[in-house]
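If you're wondering where the values come from, they're calculated on a predicted model, not measured in any experiment.
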Amino acid sequence: MYKHTMVGVVTVCAAALLAPAVGTSSAAPATVRAQPVAQRQPAVPVLVDCLWHPEVRPTDFMLACGDGNSRLTSLRWTDWNADSATATGVNWVNDCKPYCAVGKFHSFPVTVRLDSAQTWKRHPQLRQYGEITLTYPGARPDRFQHTVTYPLWN
């Protein structure tokens, strides 16, 4: 008896959920207006994060996607255009001493610059920055130069 009651409840619930989606044949068709391509894509390049999401002026950005041992936080963008983007923020870096799993994170003030805009291979209608440069005005992580430049994934 319980089995038949549950089948009935599930059937009634499914029908109630599907009814608005099915509608009637006399209902007017929905009007869908496509935005022109120029309105759908940003006029400036994007920064692609670890999950392949395009971002513009993110406040945080993971540099070390594989292990999370380096990330940028508190980013304040002063410029973001077709050629480059500039921000100040904090680079949190794991010292990995004696190894990364037990290492400690240290913060370093940093200036961030994005350059080398190019077509994003995954989404050719978008452009993405291809290079990131970090400049440390004061203290910096061990074994880092005053300025370091990395290619960004695409």
Undergrad: CZ of R76: more than 12 outside heavy atoms within 6.0 angstrom?
TA: no
Undergrad: Please round to the nearest 0.5 Å and tell me the distance separating atom CZ of F144 and atom OG of S70.
TA: 6.0 Å
Undergrad: Fit a plane to each ring of W77 and W80, take the angle between them on a 0 to 90° scale, and name the class: parallel (under 30°), tilted (30 to 60°) or perpendicular (over 60°).
TA: perpendicular
Undergrad: Are Y136 and P109 close enough that some pair of their side-chain heavy atoms sits under 4.5 Å apart?
TA: no
Undergrad: Compare all side-chain heavy atoms of L152 with those of L47 and state whether any distance is below 4.5 angstrom.
TA: yes
Undergrad: What distance separates C100 SG from N94 CG, expressed to the nearest 0.5 Å?
TA: 5.0 Å
Undergrad: If you define the side chain from C-beta out and look only at heavy atoms, does anything of L72 sit under 4.5 Å from I132?
TA: yes
Undergrad: If we only count heavy atoms from C-beta on, is the T73 to R71 side-chain gap below 4.5 Å?
TA: yes
Undergrad: Would N91 and S107 count as having a side-chain donor-acceptor pair, cut-off 3.5 Å?
TA: no
Undergrad: Measure the spacing between SG of C96 and CG of D67 and express it to the nearest 0.5 Å.
TA: 7.0 Å
Undergrad: Taking the six-membered ring of Y129 (Phe, Tyr or Trp), confirm whether the NZ or CZ of R113 is under 6.0 Å from its centre and within 45° of its axis.
TA: no
Undergrad: Do the side chains of Q118 and R127 get nearer than 4.5 Å, heavy atoms only?
TA: no
Undergrad: Is there a chain of hydrophobic side chains (I, L, V, M, F, W, Y, each step under 4.5 Å between heavy atoms) that links V93 to M62?
TA: no
Undergrad: T88 pairs by side-chain contact (heavy atoms from CB on, under 4.5 Å) with which of V112, T111, T135?
TA: T111
Undergrad: Does the side chain of R122 reach to within under 4.5 Å of the side chain of W52, using non-hydrogen atoms?
TA: yes
Undergrad: State the CG-CG distance between N81 and L114, to the nearest 0.5 angstrom.
TA: 10.5 Å
Undergrad: Would you say L134 and Y150 make side-chain contact, with heavy atoms under 4.5 Å?
TA: yes
Undergrad: Out of D115, T86, T149, which one pairs with T133 under the side-chain hydrogen bond (donor to acceptor under 3.5 Å, both in side chains) rule?
TA: T149
Undergrad: Could you tell me which non-hydrogen atom of T119 sits nearest to which non-hydrogen atom of P124, and how far apart they are?
TA: CG2-O, 3.5 Å
Undergrad: Could you label the plane-to-plane angle of the F61 and W153 rings as parallel, tilted or perpendicular, counting under 30° as parallel and over 60° as perpendicular?
TA: parallel
Undergrad: With rounding to the nearest 0.5 Å, note down the distance linking NZ in K97 to NZ in K104.
TA: 11.0 Å
